[in-house]
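Read through the structure below, which is laid out as structure tokens, and then see the notes.
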Amino acid sequence: MVSYKDLGLVNTREMFEKAMAGKYAIPAFNFNNMEQMQAIVQACVETSSPVILQVSSGARKYANQTILRYMAQGAVEYAKELGKNIPIALHLDHGDTFELCKSCIEMGFSSVMIDGSHLPYEENVALTRKVVEYAHQFDVTVEGELGVLAGVEDEVSAEHHTYTQPDQVIDFVTKTGVDSLAISIGTSHGANKFRPEQCTRNADGVLVPPPLRFDILEEIEKRIPGFPIVLHGSSSVPQKYVEIINKYGGALKDAIGIPEDQLRKAATSAVCKINIDSDGRLAMTAAVREILSTKPAEFDPRKYLGPARDWLKELYKHKCENVLGSAGKA
Ligand code: G3H
Ligand code: 13P
Ligand code: ZN
């Protein structure tokens with residue numbers, strides 16, 4: 001058993017208390033490799049932002065769980081070396097079983113998500129409660145989820161959103177004891193969050209998707225005032241990356257994300273954690289495609305992964321400064 005406290009990591013409790021009071025959201029960035037981790041740490045140190053490093057079960061399979069744990073420990077030391085001891089949490093994204101959550105807690109994770117959102121309500125409550133009882137013994141914080149996001153979530157795909165029912169939230173947080181709650185108000189995972197026919201065009205001809213269901217968020221906030229809310233599926237799918245990818249041989253079609261002003265608004269509410277993965281994938285892919293196309297003789301991975309890391313860093317800094325409002329809050 002390794003305690004996250006010995007690795008220099010923190011859980012999300014104090015992060016969320018401060019985010020709630022200060023009306024901003026903590027960035028939760030997924031990582032699978034060294035360049036992503038370095039870019040996240042560089043960006044959050046440079047903007048002085050707290051950060052949640054997220055690891056999915058897919059990331060654990062890809063990179064090896066032990067390596068990821070040491071990389072998170074490395075992230076803490078790297079931040080100090082860069083000159084700022086920012087708060088860093090290591091969080092399991094979309095944990096689907098008690099055993100996976102337990103294993104992460106034993107490896108030094110400071111926070112876990114147990115995603116029982118696809119289960120019948122009572123089963124979601126029971127599974128989430130079991131994880132909370134285990135995690136809290138070690139002061140590890142737990143995120144639960146109510147409502148289902150459209151798209152592919154946790155290897156289960158849903159064609160339509162099942163929005164979170166505000167009438168269920170008091171019962172769920174009371175019975176489970178979770179520290180934060182992920183909700184469904186119109187976001188979804190991946191780079192194709194809306195079909196073009198669901199969108200309108202603004203004066204500049206840019207597609208504008210339907211707004212998030214802030215009415216549902218407000219109802220939830222009324223039921224559980226001051227309780228930390230999490231938004232998954234919150235990439236904005238910047239069109240500059242989509243254009244570069246497609247210009248250099250990619251084939252991304254109808255890639256549409258959540259407009260940044262919607263996320264900015266959410267960050268000032270009870271939403272304390274905003275999950276972003278796809279935008280990082282797009283930035284990295286755009287950089288690699290452009291470099292390999294414009295410099296076809298290049299074969300040193302450092303020459304394309306290095307710039308990809310720089311593009312990622314700029315993206316993450318922009319999120320902290322202009323979207324989540326977490327810059328300067330470390
Ligand atoms: O919510 C899903 C995250 O973007 C992680 O994706 O399971 O492909 O690592 P992944
Ligand atoms: P995106 O696919 O919108 O980046 O969402 C990521 C996420 O919710 C990770 O849990
Ligand atoms: Zn998610």
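Ligands are counted one by one from 1 in listed order, and the atoms in each one are counted from 1 as well.
Residue contacts with ligand 1: His232 is placed with no nitrogen or oxygen under 3.5 Å of a nitrogen or oxygen of the ligand (distance criterion only).
Geometrically, Lys273 does not engage Phe16 in a cation-pi contact, judged by NZ or CZ lying under 6.0 Å from the ring centre and within 45° of the ring axis.
Contact atoms of ligand 1 toward Asp277: 3 (C), 4 (O), 5 (C), 6 (O) (distance under 4.0 Å to a heavy atom of the residue). Applying the 4.0 Å criterion to heavy atoms of Asn30 picks out, from ligand 1, the atoms 3 (C), 5 (C).
The atom of His232 that is an N, O or S and sits closest to the Zn ion (ligand 3) is ND1. The N, O or S atom of His94 lying closest to the Zn ion (ligand 3) is NE2.
Ring geometry, Tyr316 versus Phe29: the interplanar angle falls from 30° to 60°, so the pair is classed tilted.
Annotation: side chain to side chain donor-acceptor pair (under 3.5 Å) contacts of Lys5 (sequence neighbours excluded): Asp139. Residues passing the side chain to side chain donor-acceptor pair (under 3.5 Å) test with Lys222, sequence neighbours excluded: Glu219. Applying the side chain to side chain donor-acceptor pair (under 3.5 Å) test to Gln65 and every residue at least two apart in sequence or in another chain returns Arg60.
Only the side chain of Asp93 comes within contact range of ligand 1, with a heavy atom under 4.0 Å; no backbone atom does.
Under 4.0 Å is where a charged nitrogen must lie from a carboxylate oxygen, and between Lys313 and Glu46 at least one such pair does.
Residue contacts with ligand 1: Arg281 is included, with a non-hydrogen atom under 4.0 Å away.
In this structure, CG on Leu324 lies 8.5 Å from OG on Ser234, to the nearest 0.5 angstrom.
There is no side-chain donor-acceptor pair under 3.5 Å between Glu145 and His94.
Closer than 4.0 angstrom to ligand 2 lie heavy atoms from Asn30, Gln54, Asp93, His94, Ser188, His189, Gly190, Lys193, His232, Gly233, Ser234, Ser235, Asn275, Ile276, Asp277, Ser278.
Side-chain contact between Lys193 and Ser235 is present, with at least one heavy-atom pair separated by less than 4.5 Å.
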